[in-house]
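Lettering follows sequence order; numbering is per chain, from 1.
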There are 2 protein chains.
Amino acid sequence: MSGTEKPSRKHQLETIATRLFKEKGYTASSMRDLANEVGIEAASLYSHIKSKEEILRNICFRMADQFFAAIDVIESKPIESMAEKLERFIVAHTEVITRDTEATLVFINEWKHLSEPFYSNFVDQRHRYESRFIEVLRTGIDRKEFLPIDEKFVVLTILSSLNWIPNWYKPEGKMSPKEIGQQLSRMLIDGIKSDSRQ
Amino acid sequence: MSGTEKPSRKHQLETIATRLFKEKGYTASSMRDLANEVGIEAASLYSHIKSKEEILRNICFRMADQFFAAIDVIESKPIESMAEKLERFIVAHTEVITRDTEATLVFINEWKHLSEPFYSNFVDQRHRYESRFIEVLRTGIDRKEFLPIDEKFVVLTILSSLNWIPNWYKPEGKMSPKEIGQQLSRMLIDGIKSDSRQ
DNA sequence: CCTACCGATCGGTAGG
DNA sequence: CCTACCGATCGGTAGG
């Protein structure tokens with residue numbers, strides 16, 4: 001007997017839910033919307049998932065894991081300068097974002113609808129992620145590689161620029177994810193002024 | 001007889017609604033939430049407002065008007081360089097944002113719940129606003145003042161950084177709105193690298 | 001600004 | 001995966 005769940009159905013539900021949450025927002029997306037798109041009755045969704053929020057949780061924490069994994073890889077590599085490390089962080093973040101822009105947008109815009117303890121857990125993870133960037137900035141400032149600008153301010157500027165990318169990124173566009181990350185990194189590090197180039 | 005509406009009550013409703021929409025999101029905020037906070041019955045709200053969406057419309061389009069007004073002022077002033085004009089645009093935008101961070105966050109995060117034709121109108125206005133920034137960048141690039149970087153990319157980076165400010169800005173903080181705008185502007189124009197300073 | 005109320009829709013469960 | 005259904009809540013109206 002087939003006692004095993006079909007994982008593909010659950011995966012399909014989450015993919016479609018991600019699109020709905022992104023387009024209409026989590027609260028405005030109903031389970032009946034989701035059921036209609038999948039082609040089953042709303043009640044039938046619950047043989048695959050426990051609750052609406054479970055879907056949101058899976059999206060948010062899967063993305064969080066990917067962001068951490070991407071910068072963890074960089075830590076184990078030899079690095080010349082903090083400028084290089086910062087660029088690698090930015091490129092890594094861009095690559096995660098562009099791999100699934102819809103899930104990223106849900107991650108960015110809908111996390112506030114998580115209930116406790118997931119809400120606090122999420123906020124905490126985000127702080128720790130930001131700290132990883134801040135540390136790079138701080139080290140670069142200590143080494144006189146960067147100007148003594150407020151690190152938090154710089155990191156928030158970087159991350160907000162990065163997190164806007166899923167709003168316009170198209171896979172068929174001119175720039176690859178890596179190029180986008182590099183361009184952003186260069187712009188922030190060197191500026192846009194023509195006589196400021198090293 | 002007092003045939004005139006009390007405008008202060010309506011204003012109070014919009015202020016509280018703004019806070020609710022910002023905290024819980026537009027869809028997750030109910031008219032009963034709003035009524036409770038104000039201390040009246042939900043049905044009584046409708047003697048002051050036409051609908052829930054009317055409140056959202058007022059918030060979104062009032063903010064849009066303020067953003068345009070702020071940069072319109074700059075056009076009529078003498079300007080030395082495009083770097084200076086860009087800085088003034090950025091400072092002006094920062095000042096509008098910091099004047100009412102809650103309304104700004106609703107403006108940024110909840111506009112997608114506007115119904116037609118307001119939705120299209122809003123999207124259109126945002127495009128026109130972005131174009132004003134793009135024009136400054138383009139002129140600066142033509143004059144060799146800026147590096148020949150993709151203007152749209154730069155403007156989206158600038159605006160996304162600016163639009164993140166209401167998430168952390170506190171009036172009692174170290175930097176004034178003007179200083180925040182100037183620092184952001186300087187960072188984007190000159191970069192954060194120590195040997196890139198003019 | 002209130003009472004009384006509307007039809008629609010919500011997330012989710014029982015029991016197959 | 002379905003039928004049948006639950007209590008709760010939604011935005012909003014009628015009529016004072």
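A side-chain donor from one of B/Arg9 and B/Gln12 sits under 3.5 Å from a side-chain acceptor of the other. A donor-acceptor contact closer than 3.5 angstrom links the side chains of A/Ser161 and B/Ser161.
Residue A/Ser47 has no polar side-chain atom (N or O) positioned under 4.0 Å from OP1 or OP2 of D/dC1. B/Arg9 has a side-chain polar atom (N or O) that falls below the 4.0 Å cut-off from OP1 or OP2 of C/dC1.
The distance between the ring centers of B/Phe133 and B/Tyr129 falls below 6.0 angstrom. Less than 6.0 angstrom separates the ring centroid of A/Phe67 from the ring centroid of A/Phe107.
The side chain of B/Glu41 has C/dT3 as its nearest neighbour among D/dC1, C/dC1, C/dT3. Among C/dC2, D/dG11, C/dG12, the nucleotide with an atom closest to any side-chain atom of B/Ser30 is D/dG11.
At whole-Å resolution of the value, CG in B/Leu34 and C1' in D/dC10 are 14 Å apart. Taking atom CZ of A/Phe21 as the reference point, atom P of C/dG11 lies 9 Å away to the nearest angstrom. The distance between atom CG of A/Leu13 and atom P of D/dC1, rounded to the nearest whole Å, is 8 Å. Spacing between atom NE2 of A/His113 and atom P of C/dC10 amounts to 16 Å, rounded to whole angstrom units. Distance CD1 (B/Ile49) to P (D/dG11): 10 Å, rounded to an integer number of Å. Look at NZ on A/Lys52: it is 19 Å from P on D/dA8, rounded to the nearest Å. Rounded to whole Å, the distance from OH on B/Tyr46 to C1' on D/dT13 is 10 Å. The distance between atom CD1 of A/Ile40 and atom P of C/dG11, rounded to the nearest whole Å, is 14 Å.
Seen from the ring of B/Trp111, B/Arg57 does not count as a face-on cation partner, given the 6.0 Å and 45° thresholds.
Comparing B/Arg32 and A/Ala43 against DNA chain D, the residue whose closest nucleotide sits nearer the 5' end is A/Ala43. When each of A/Ser44 and A/Asp33 is assigned the nucleotide of DNA chain C with its nearest heavy atom, A/Asp33 is the one assigned upstream, toward the 5' end.
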Worksheet item: With Watson-Crick and G-U wobble geometry limited to distances under 3.5 Å, how should the secondary structure of DNA chain C be encoded in dot-bracket form, using | for bases paired to another strand and [ ] for crossing pairs?
Response: ||||||||||||||||
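Around CD of B/Glu116, the count of heavy atoms belonging to other residues, nucleotides or ligands within 6.0 Å exceeds 12.
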Item to complete: Let me see the working for B/Thr139 and B/Glu135 under side chain to side chain donor-acceptor pair (under 3.5 Å), right down to the final yes or no.
Response: CA-CA 6 Å; B/Thr139 308; B/Glu135 206 195 339; 5.4 Å; no
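B/Ser29 comes within contact range of the sugar-phosphate backbone alone, with a heavy-atom separation under 4.0 Å but no base atom that close.
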